[in-house]
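Below is one structure; the comments refer to it alone.
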Number of protein chains: 2
Amino acid sequence: MVARPTGGRRADILVAAAELFAEHGYRGVTIDDLGRAVGTTGPALYRHFPGKEALLGQVLVEISARLSRQGEELLARAVGPDHALDLLLRGHIAFALDEPALITVHDRELGNLTPEDRARVRRLQRGYVEQWVGVLADLLPEESRSVLRASVHAAFGLLNSTPHSRGTVGREAMAELLFAMGRAALVRDR
Amino acid sequence: MVARPTGGRRADILVAAAELFAEHGYRGVTIDDLGRAVGTTGPALYRHFPGKEALLGQVLVEISARLSRQGEELLARAVGPDHALDLLLRGHIAFALDEPALITVHDRELGNLTPEDRARVRRLQRGYVEQWVGVLADLLPEESRSVLRASVHAAFGLLNSTPHSRGTVGREAMAELLFAMGRAALVRDR
DNA sequence: CACCTATGTTAGTAATCATTAACATCACCG
DNA sequence: CGGTGATGTTAATGATTACTAACATAGGTG
């Protein structure tokens, strides 16, 4: 009902979209659902985004960019590979615990993207994985890059499991558990 | 074009459905897609299943039942908790590597089920998780059940990551990697 | 104040899709 | 061989839904 020149509405929509997509899947959410979630009707969304697909694209690109940027920042601050791995683990775990909806959408909805958006997201994801692989390559020089890449994907599966285990475990304990499990899985003997 | 009294068609449909649901999601697959995948037209499916929802239900119930039954069989044959965990890990890994489509559908499509089917699947899943928790409780008596449950979910996330890492790693090497990572994550110090 | 832009609203529209109807055909059984 | 049941086919049908059109309004700015 009001004309607010702020871009606040746009951000609201993205947050609501992530939430709804996480809960019902991209195809299970209608434009009207999205409008209702931000207090307008469905078609109002077309004032902010060209369409539903573009909306999902924004959500996914933002998530991947955020993870990748966070990774870069952490690595810049790390003193050695051991420390770097700790920081990456804690950073990813914080993200997964604080934004379960984003994590869920991130690994379920790649297939509903425009080819262009999919390529963008894939590139960002690959970059983030390579940050981890680089650190692990320092820690485990005997392992091949491809084994390390598979290890990283497996570790992400572990760390991203929190949306599945709406547990009785409490955030801090969960963070510690995931950290211990993730580190043990990645650097087994050492 | 033929009247085959065998139940083969029915099984074909379930296999094709699992594959298509894994690739495009339940809502991204049409009845006509399913028919085409088994060499008929869409409406022919209604001779075998009451509807699309029931089809997904069959797929998910079958997966959960298979995992749970496999778990029971393995535990019956295990000599001690250590051996039991090894068997559970290897069994789950074999399933994940051999049936990536089933794994994918299994943890994405719960939300598209009838309440009745959802309850059935949940019960079976819970049973399977409790098999793992029971074994871990023997190995790690100091940990609470709820921490163990969260650990099991995290381990599943790790083991089920293979569909995400269509890697260059080869089945056997991948199985060994997942085994080592899973075991290390679950029984860290011991 | 007059206007323009940003943002909404309600009422289409055209496509998609699950499901049903009406009608065929084959294989087997008496 | 004629009927019956299992299995298919094509052609509706009705619901859902992304997106568009036409029309409103509020607030800042000249």
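Every chain is numbered from 1 and lettered A, B, ... according to where its sequence line falls, protein lines coming before strand lines.
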Aromatic ring proximity A:H106/A:F156, centre distance under 6.0 Å: no

Would you call A:E130 and A:R126 a salt bridge, taking side-chain N to carboxylate O under 4.0 Å as the test? no

Does C:dG8 have OP1 or OP2 under 4.0 Å away from a side-chain N or O of A:R9? yes

Electrostatic pair B:R69:B:E73 at N-O distance under 4.0 angstrom: yes

May I have the distance from A:L55 (atom CG) to D:dT17 (atom P), rounded to whole angstrom? 16 Å

Salt bridge or not between B:R183 and B:D82? Use side-chain N to carboxylate O under 4.0 Å. yes

Treating A:T114 as the side-chain partner and A:D117 as the backbone partner, does any N or O pair qualify as donor plus acceptor under 3.5 Å? no

So that I can tick it off, tell me whether A:R77 and A:E72 are bridged by a salt bridge, with the cut-off set at under 4.0 angstrom between side-chain N and carboxylate O. no

According to the interplanar angle, ranging from 0 to 90°, do the rings of A:Y128 and A:H92 count as parallel (below 30°), tilted (30 to 60°) or perpendicular (above 60°)? parallel

Enter the inter-axis angle for the ends of the helix from C:dC1-D:dG30 to C:dG30-D:dC1 (five pairs per end, rounded to 10°). 10°

Can you list, by chain and residue number, the hydrophobic cluster partners of B:L74 when the side-chain cut-off is 4.5 Å? B:L87

Euclidean distance, atom CG of residue A:L45 to atom P of C:dT7 [Å, nearest integer]: 12 Å

Quick check on D:dG8: is either OP1 or OP2 less than 4.0 Å from any side-chain nitrogen or oxygen of B:H48? yes

A:D12 has an atom CG; how far is it from atom C1' of C:dT7, in whole Å? 14 Å

Could you state the CZ-C1' distance from A:F49 to D:dC19, rounded to the nearest angstrom? 16 Å

Sugar-phosphate atoms are those with a prime plus P, OP1 and OP2; base atoms are the rest. Using that split, label each nucleotide of nucleotides 10-22 of chain C B, S or - for protein heavy atoms under 4.0 Å, 5' to 3'. BB-----SSBB-B

